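Read through the structure below, which is laid out as structure tokens, and then see the notes.
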Amino acid sequence: MKYDFAAIEPKWQKKWAEEKTFRCENHSEKPKFYALVEFPYPSGQGLHVGHTRPYTAMDVVARKRRMDGYNVLFPMGYDAFGLPTENYAIKNHIHPAKVTHDNIENFTKQLHMLGYSFDWDRVINTTDPAYYKWTQWIFLQLWKKGLAYKTTMPVNWCTSCKCVLANEEVVEGVCERCGAPVVRKEKSQWMLKITEYAQRLIDDLDDLDFIERVKTQQKNWIGRSTGAEVTFKATTGEDIVVFTTRPDTLFGATYMVLSPEHALVKGWLESGKLNNADAVKAYQAAAASKSDLERTELNKEKTGVCLDGVKGINPVNGKEIPIFISDYVLATYGTGAIMAVPAHDDRDWEFAKKFGCEIIEVVSGGEDVQKAAFTAKDETGILVNSDFLDGLTVKDAIPVITKWLEEKGIGEAKVNYKLRDWVFSRQRYWGEPIPMVYCEKCGWQPISEDQLPLLLPDVDSYEPTDDGESPISKMTDWVNTTCPHCGGPAKRETDTMPQWAGSSWYFLRYMDPHNSEALASKEALDYWSPVDWYNGGMEHTTLHLLYSRFWHKFLYDIGVVPTKEPYQKRTSHGMILGEGGEKMSKSRGNVVNPNDVVAQYGADTMRTYIMFIGDFEKAASWSDNAVKGCKRFLDRVWNLSENLTDSLEYTPANESAIHKTIKKVADDIEAMKFNTAIAALMALVNDFYANGCSKGDYKTLLLMLSPFAPHMCEELWETLGFNAAGMACQQAWPAYDESKTVAAEVQMAVQVCGKLRSTITVPVDSDEAAVVAAALADPKVQKFTEGKNLVKTILVPNKLVNLIAK
RNA sequence: GCCGGUGUGAUGGAAUGGUAGACGUAGCGGAUUCAAAAUCCGCCGGGGGCAACUCCGUGUGGGUUCGAGUCCCACCACCGGCACCA
């Protein structure tokens, strides 16, 4: 019989679908296990090989855990709102809902084709009104708690998408999605107060089993820094509050810098306090017109303007110091104003040199501060020229000055974060409508919860507008409504939610996907929470992963979900590169389509190869030749089935290898070392070829291989008549006996003075004396020990003996 | 600049401080075949030697250890994240 994957694979896929083999219930005697992969954005290109790596990996884990006796939830869905669909719809004049529907159909077919063990009764789609009803509901709860607010501020504006972006969506000054330049635009936007959760988002990482680089990247992004806020006085009477991480250097503050957008500057200009108003206004205008890229350009010359007519007063010594405006001070961080200590800060030093400001050393221990700033914060620095702080180390001076500031009422300890509130509105069509109404009399009002879902209206044109308004704004029938509060005329919000809204809570919906009363029932949430293991891409670390942790914490605070954190464990896969090690792209012509691979080699080969390709966490490049190697392996397994001995016992020569492999494959799957798990199975098959293979040997092999190559294993399982107790995927993982993982005789390395000289074969667990005696009997060893005294021996049981001879 | 990671044959990659290169590709030799494909068997880090064998070898230089790819120190290269964040 030939291994005809083209017939076998659809046969089993059909059976699994019809019998709902992988459906799971929200209750069980078994322990629960919730395995999650990031749901795809159903693009027109279909499933990418990049998707198959995490999906296959978690499918292997899910299948293995079922065999371990868990009640496994392994769901799939579609994150279908978003710009590419909208852009495709515009270009081809097809409704985005239709495009989405077709793409989802294609994705579903492909996911079935790969034999994934998803519970298909729990599929969700973020564009389904029954789903986004609850996305809107969560937004309303955020609004009720004051965590959603609308405000006018400078925001990131993508010049190509014609849409605002969150900070997280701007990568190196350009749009994360399309690569177009991002500029600052003053716009009124819905914002979510993620900053209120900054500290908890850091602290709660400690108890989670996330890979370290995810934790550090999130901490980096949140960017906590501790210091103090200090109030300086202006000679015109106003308070100027600054944030500093180095309050110890306060005596060295010789000037101040405000961001060009700072409110005080506007005030001084309006009240005519500034003698150089024209220069100041010109500088403000120049700063405003700069793109993010220009503003953050590396090693840029410092620029600025000194305010003529107003000075600051250093509160520790009463000195009058000049005030500048400069774009190296950001309006959106801290208070938008700094005290400048050029002797101990590189940026301030550079600015001071250019503008001729005074540089006073207040921390000794470095080089001449006139030549370079001394920025060390450790014990090497001793305070000088600082009155009561003199003689203290930097570390000791900080609490002393902070306490002093607090006592005098001119400052306090303060923590700042780089994290900004989440800009939550988009001027586009294909997203969840924001369920808010604006009334001239009552301001912003939420629509009543019983009116949800607020449906996305049909429009004729989805084109984004150049004036920065959503396409829906032209739909006057929809826009004009009545105020839920006073009943008077009012207008709906026409911006929609960002792409990240639907994915911020989707894992909860899988727990109870058809619930019309709540986003999920309390019983379902209690049973399945939290997600036990979530695998996804590193590119989502400071986007989806952070956003969904924030939403989950909010839902926890209002009593909707039972756990503080959504995901207990987070792992991440490396990218799949093209044949030459370059990123796959249409322009390079190195894109691998899973459909082609499955057609040529079958899904089991595709699955096995994508797991064997290399270290799961690292990038790996595709190799057509190596795919053939995996096909060859599966063929060898198949062909072996025709030469089995009848016994259901293990063949003695294979026994210890089988026990060892059972342990290794199980451990490797849990550790995501899929490549070595498959290597171990290959080695075992090589043993079977060499030693012969019994039905019993083969049965265990099929069970171990079934998570990787489920179709072929089911077929063989059936053909060989093992199926009385159900399919292979429904069996228990084979048991191993630790004592049998070691053969009766072991080969041991013999070193003389640390150098390998020979190997000997001895009975397992031989004691030191026996091993040493056997080693000394070896002529190759004798060559190096002859005429010397054995000073010491080191034994590593069953592995190695080292003879120290002098 | 700060944080994290990685450096091993021709190649993808293996190695709880204990026989470096498992397993797979490619390559070479053989069997089978009219021939090829497929399949099966063998070889496959470098130098020296007919051989037995021997010396060298995990980015570089030191160190700890009976023993280091693995631990420590310094450096080099590359990759990823953050970055005028006060």
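Order of the sequence lines sets the chain letters (A, B, ...), proteins ahead of strands, with each chain counted from 1. Fair warning: this is a prediction, and the values are worked out from it, not measured in the lab.
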Annotated protein contacts, base or backbone, on nucleotides 5-14 of chain B with a non-hydrogen cut-off under 4.0 Å, one of B, S, - each: -------BSS
Within 45° cone of A:Phe210 ring axis and under 6.0 Å: A:Arg570 NZ or CZ: no
Distance between C1' atoms of B:A10 and B:G5 (Å, rounded): 26 Å
Touch class at under 4.0 angstrom, heavy-atom based, for A:Lys780 against every strand present: sugar-phosphate
Electrostatic pair A:Glu670-A:Lys663, nearest N-O below 4.0 angstrom: no
Interatomic distance at P, B:A20 relative to B:C73, whole Å: 26 Å
OP1 or OP2 of B:C56 under 4.0 Å from side-chain N/O of A:Lys755: yes
Interatomic distance at C1', B:C78 relative to B:U8, whole Å: 16 Å
Value rounded to 0.5 Å, distance of OG1 in A:Thr231 from CG in A:Asp239: 5.5 Å
Salt-bridge criterion met for A:Arg246 and A:Asp248 (N-O under 4.0 Å): yes
Heavy-atom donor-acceptor pair, A:Lys418 side-chain to B:C82 base, under 3.5 Å: no
Residue-phosphate contact under 4.0 Å: A:Thr793 side-chain N/O, B:C66 OP1/OP2: no
Any side-chain donor near an acceptor of the partner, A:Ser225 and A:Asn416, under 3.5 Å: no
Sugar-phosphate, base or nothing in reach of A:Gln747, heavy atoms under 4.0 Å: base
Distances for protein N or O near nucleotides 67-69 of chain B N or O, under 3.5 Å:
none

Show me, pair by pair, the donor-acceptor contacts under 3.5 angstrom made by side chains of residues 682-690 of chain A, not counting sequence neighbours?
residue	atom	partner	partner atom	Å
A:Asn686	OD1	A:Arg636	NH2	2.8
A:Tyr689	OH	A:Arg636	O	3.0

Touch class at under 4.0 angstrom, heavy-atom based, for A:Arg757 against every strand present: sugar-phosphate
Contacts of type salt bridge (charged side-chain N to carboxylate O under 4.0 Å, His left out), residue A:Asp4, not counting sequence neighbours: none
A:Lys673 bridged to A:Glu617 by N-O distance under 4.0 Å: no
Separation between CD1 of A:Ile194 and OH of A:Tyr417, rounded to the nearest 0.5 Å: 12.5 Å
A:Asp635 and A:Lys631 ion-paired at < 4.0 Å: yes
At a cut-off of 3.5 Å, list every protein nitrogen or oxygen paired with a nitrogen or oxygen from nucleotides 40-46 of chain B, distance to 0.1 Å.
residue	atom	partner	partner atom	Å
B:C40	OP1	A:Arg636	NH1	2.6

Interatomic distance where CG belongs to A:Asn625 and P belongs to B:A38 [whole Å]: 11 Å
Dot-bracket notation for RNA chain B, counting Watson-Crick and G-U pairs under 3.5 Å, with | for partners on another strand: (((((((..(((.....[....))).(((((.......))))).((((....))))..(((((..]....))))))))))))....
Touch class at under 4.0 angstrom, heavy-atom based, for A:Lys783 against every strand present: sugar-phosphate
Distance flag, aromatic centroids of A:Tyr609 and A:Tyr601, threshold under 6.0 Å: no
A:Asn220 vs B:G81: side-chain N/O to OP1/OP2 distance below 4.0 Å: no
Sugar-phosphate only, base, or nothing, as touched by A:Thr245 at under 4.0 Å among non-hydrogen atoms: sugar-phosphate
Sugar-phosphate only, base, or nothing, as touched by A:Phe784 at under 4.0 Å among non-hydrogen atoms: sugar-phosphate
Sugar-phosphate, base or nothing in reach of A:Ile804, heavy atoms under 4.0 Å: sugar-phosphate
Sugar-phosphate, base or nothing in reach of A:Asp346, heavy atoms under 4.0 Å: nothing
